[in-house]
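Ligands are counted one by one from 1 in listed order, and the atoms in each one are counted from 1 as well. Remember, predicted model here, so these are calculated numbers, not experimental data. Throughout, residue positions are numbered sequentially from 1 according to the sequence presented.
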Amino acid sequence: MTPVNDDIEALKNRISSGETTARAVVESSVDAAEKLNEPLNAFLQIDRNGAMTRAEEIDKSLWSQNGDGTSVPALAGIPVAIKDNICVRGMQTSCGSRILGDYHPPYNATVIDRLLAAGAVLVGKTNCDEFAMGSSNENSAFGPVKNPWDTSRVPGGSSGGSAAAVAAGIVPIALGSDTGGSVRQPAALCGVVGLKPTYGRNSRYGLVAFASSLDQVGIFGRNTKDVARVLGIVSGRDTHDATTAAVPVPNYTAGLTNDANDLKGARIGFPRSLFGDGLDTEVRASVEAVVDVYRDLGAEVVDVELPNAKYSIAVYYIIATAEASSNLARFDGARYGYRAKDAPELRQMYRKTREEGFGAEVKRRIMLGTYVLSAGYYEAYYGKAQQVRSLLKEDFSKAFESCDAIITPTSPTPAFLIGEKSDDPLAMYLNDIYTVTANLAGIPGISVPCGLSSNRLPIGFQLLGAYWSEPTLFKLAHAYEMARPFTERPPICVDN
Ligand code: GLN
């Protein structure tokens with residue numbers, strides 16, 4: 001019995017009706033995590049004991065609850081994997097870094113408390129690029145994650161372990177973080193659904209900060225409905241994070257039925273200029289075919305312009321590095337994780353700790369970020385980037401006057417080879433061309449699988465919406481899934 005083919009509601013119902021048990025489901029998930037970690041390296045910690053104990057508790061409480069008719073929590077017994085930059089009490093939170101290699105936070109992130117309150121069972125912490133900086137997972141201090149579709153290729157990043165764990169059927173749901181695409185891009189490269197919610201939709205409390213004006217916890221799932229269900233659970237105002245908004249959390253799964261979908265009246269924005277240079281021809285053809293599907297479902301396709309999108313990589317890598325240089329100043333050996341030995345005095349201890357504790361990409365970003373914030377350059381780089389960010393937001397506001405969602409590829413290419421871009425930071429950064437805009441503007445984005453390339457690598461398309469338009473994105477993504485179900489499974493999978 002594996003969770004791979006069930007959606008989470010069906011799985012929960014099978015557990016609560018007694019057809020199976022949380023124990024059996026969680027055990028198969030933990031077994032798969034352990035077995036497939038050999039080829040994939042998706043998990044940095046697998047918590048067999050904690051997960052099994054909790055599954056047994058859930059079985060017990062379901063047994064007593066069912067008797068008195070109490071409703072069963074939405075995720076009762078559902079195994080979930082958590083990116084290793086989200087704090088879970090009693091587990092490690094390394095952020096894929098040597099500097100936090102041994103860090104065990106004394107508290108849960110708010111999203112974790114909410115998952116647990118809904119009955120989820122945490123099976124482990126997933127591998128990621130160091131401090132979520134990367135697009136390939138090659139920047140983890142604990143080795144790269146392999147793509148379950150082809151282990152010579154990257155799973156995308158930075159939440160590659162979470163994406164690989166869902167794609168391989170180890171868990172039906174995983175959390176990641178998305179600062180510039182780190183949920184959507186690995187989702188596309190691994191053939192699963194990935195959501196970055198509106199900035200302020202869910203709490204960042206307990207998510208280790210990379211770039212605070214861009215960071216958001218995102219969700220991976222095998223289908224849109226599962227992702228929508230989990231968003232409803234983890235979202236909403238949190239007094240620990242002042243950037244969470246007091247916007248009511250709707251029932252995100254309402255209306256996601258299996259009936260034929262009529263999208264009459266829906267308007268899909270097509271930004272033609274983003275379908276040009278640098279886009280792989282198979283990815284382009286595949287996403288254009290999605291546009292045709294939407295047309296067939298009754299949607300109207302309208303041309304939209306995002307004139308400032310061409311600056312988004314430059315703007316992102318100024319703002320993200322500036323914020324990172326400040327956020328990462330706290331890792332100095334004094335309070336958290338690793339501390340260099342044999343440093344004769346305090347300043348040398350700081351220096352040695354950071355030199356030995358951080359990897360090359362993190363150091364590059366700290367230096368870039370410090371530079372763009374330094375006296376004399378601040379206005380020219382950081383100030384200018386903030387201005388262009390405002391223009392980009394205006395581009396989106398304008399575009400959403402004529403459409404409900406904008407369609408783009410999620411990634412310009414399918415999964416590339418491990419090592420192919422690791423010596424060329426610019427080539428690596430260009431992967432993020434379609435995803436960083438949503439973080440800069442604060443809007444939600446979802447990536448949905450739309451087929452395989454000729455060498456059997458997944459391709460994903462992205463839908464971007466206005467603030468708080470997750471219900472629209474879910475409706476459109478779900479309609480596509482119903483019309484063109486993606487049923488392929490990777491060679492490295494619990495089924496095989
Ligand atoms: N790939 C982007 C970067 O390297 C995005 C990372 C993220 O979303 N955490 O910064």
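Between S447 and Q185, the side chains place no donor N or O within less than 3.5 Å of an acceptor N or O (distance only, hydrogens not considered). Judged purely by distance below 3.5 Å, without hydrogens or angles, the side chains of S162 and K83 never pair a donor atom with an acceptor atom. Counted by atom type alone, S454 and E282 present one or more donor-acceptor pairs between their side chains at under 3.5 Å.
Between the T437 side chain and the I433 main chain, no donor and acceptor come within less than 3.5 Å of each other.
Contact between R184 and Q462 at its shortest, heavy atoms only, is NH1-OE1, 2.7 Å.
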Applying ring-ring contact (aromatic ring centres under 6.0 Å, His included), run through F210 and F131 and close with a yes or a no. CA-CA 6 Å; F210 160 11; F131 286 102; 8.8 Å; no

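Among protein residues, A132, M133, G134, S135, S158, D178, T179, G180, G181, S182, F210, Y316, Y317, R365, D432 come within 4.0 Å of ligand 1, judged on heavy atoms.
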